[in-house]
Amino acid sequence: MDTISSNKPSVKELECLIDNCRLESNGLDEVWPKIYIGNMVTAHNKEELSQHGITHIMNAAHGAWGSKGNQTFYGSEISYYGIAAEDSVDFDLSVYFHPASKYIHQALRAPKGKILVHCILGKSRSPALVLAYLIIYQNLSLADALERLLQHRAVSPNRGFLKQLQDLDLELRCKKTLCQLL
């Protein structure tokens with residue numbers, strides 16, 4: 001897989017990286033230790049979730065047609081967090097970057113914590129939220145985080161989400177640089 005040499009890749013360069021991914025997405029893929037990305041069908045399969053030891057679910061398509069996800073559906077065995085996001089280039093997913101990242105972080109700190117982040121197909125909304133987590137909590141650049149995800153799952157956050165993630169990456173890098181100067 002090609003790597004991006006620039007610290008500030010353009011959205012077009014990020015899309016080229018995505019387009020070069022030759023992986024097939026499964027229903028459920030571990031993309032970072034104890035973080036899984038999946039689709040809605042897998043998220044509704046309680047037996048498969050149990051086999052993988054999933055303790056937390058983040059549904060980035062909460063309320064979407066066909067999505068059964070809510071705390072009542074999962075019962076007491078799985079903690080549920082729903083985000084009613086649209087997979088649209090005009091949808092502002094960035095307002096969920098910090099709360100979603102905090103939820104993922106808390107899930108990973110729970111005893112035996114494993115989280116499934118999903119949307120309808122597990123290609124755009126859910127990977128965008130996992131990328132935000134990797135940028136915020138793991139201090140990865142967007143390019144590095146995307147390359148890590150693409151090693152485990154074919155993802156394709158829409159252009160609007162990529163731009164919002166690019167803005168997040170830039171904001172955090174500027175804060176880090178400013179702090180180092182002080």
Worked check of side chain to side chain donor-acceptor pair (under 3.5 Å) between H62 and Y80: CA-CA 10 Å; H62 180 80; Y80 178 85; 2.6 Å; yes
Reference residue K34; test side-chain contact (heavy atoms from CB on, under 4.5 Å); the match among I104, I54, L108: L108
Whether Y103 and Y81 hold their rings parallel, tilted or perpendicular, with breakpoints at 30° and 60°: parallel
Close side-chain approach of R109 and H105, heavy atoms under 4.5 Å: yes
Reported NE2-to-CD1 distance for the pair H118 and I57, which is rounded to 0.5 angstrom: 5.5 Å
Heavy-atom side-chain proximity of V155 to L146 below 4.5 angstrom: yes
Minimum-distance pair of heavy atoms, taken over all atoms of G38 and S126: O-OG, 4.2 Å
R148/D144 ion pair, N-O < 4.0 Å: no
Beyond-backbone contact of H98 with K102, side-chain heavy atoms, under 4.5 angstrom: no
Those residues that, when tested against A128, pass side-chain contact (heavy atoms from CB on, under 4.5 Å) (two or more places apart): L93, P157, F161, L165
Pair N39, T42: side-chain N/O donor-acceptor within cut-off below 3.5 Å: yes
Rounded distance [0.5 Å steps], CG in D29 versus CD1 in I35: 13.5 Å
Over all atoms of both residues, closest heavy-atom pair of I37 and G122: CG2-O, 3.6 Å
Main-chain N/O of P9 paired to Q166 side chain as donor or acceptor, under 3.5 Å: yes
Geometric class of the F91/Y96 ring pair [parallel <30°, tilted 30-60°, perpendicular >60°]: parallel
R125: which of N59, I120, I83 passes side-chain contact (heavy atoms from CB on, under 4.5 Å): I120
Check: F97 main-chain N/O paired with S101 side-chain donor or acceptor under 3.5 Å: yes
Test item: D169 side-chain N/O and L142 main-chain N/O as donor-acceptor pair under 3.5 Å: yes
K112 versus T55, closest heavy-atom pair with distance: O-CG2, 3.4 Å
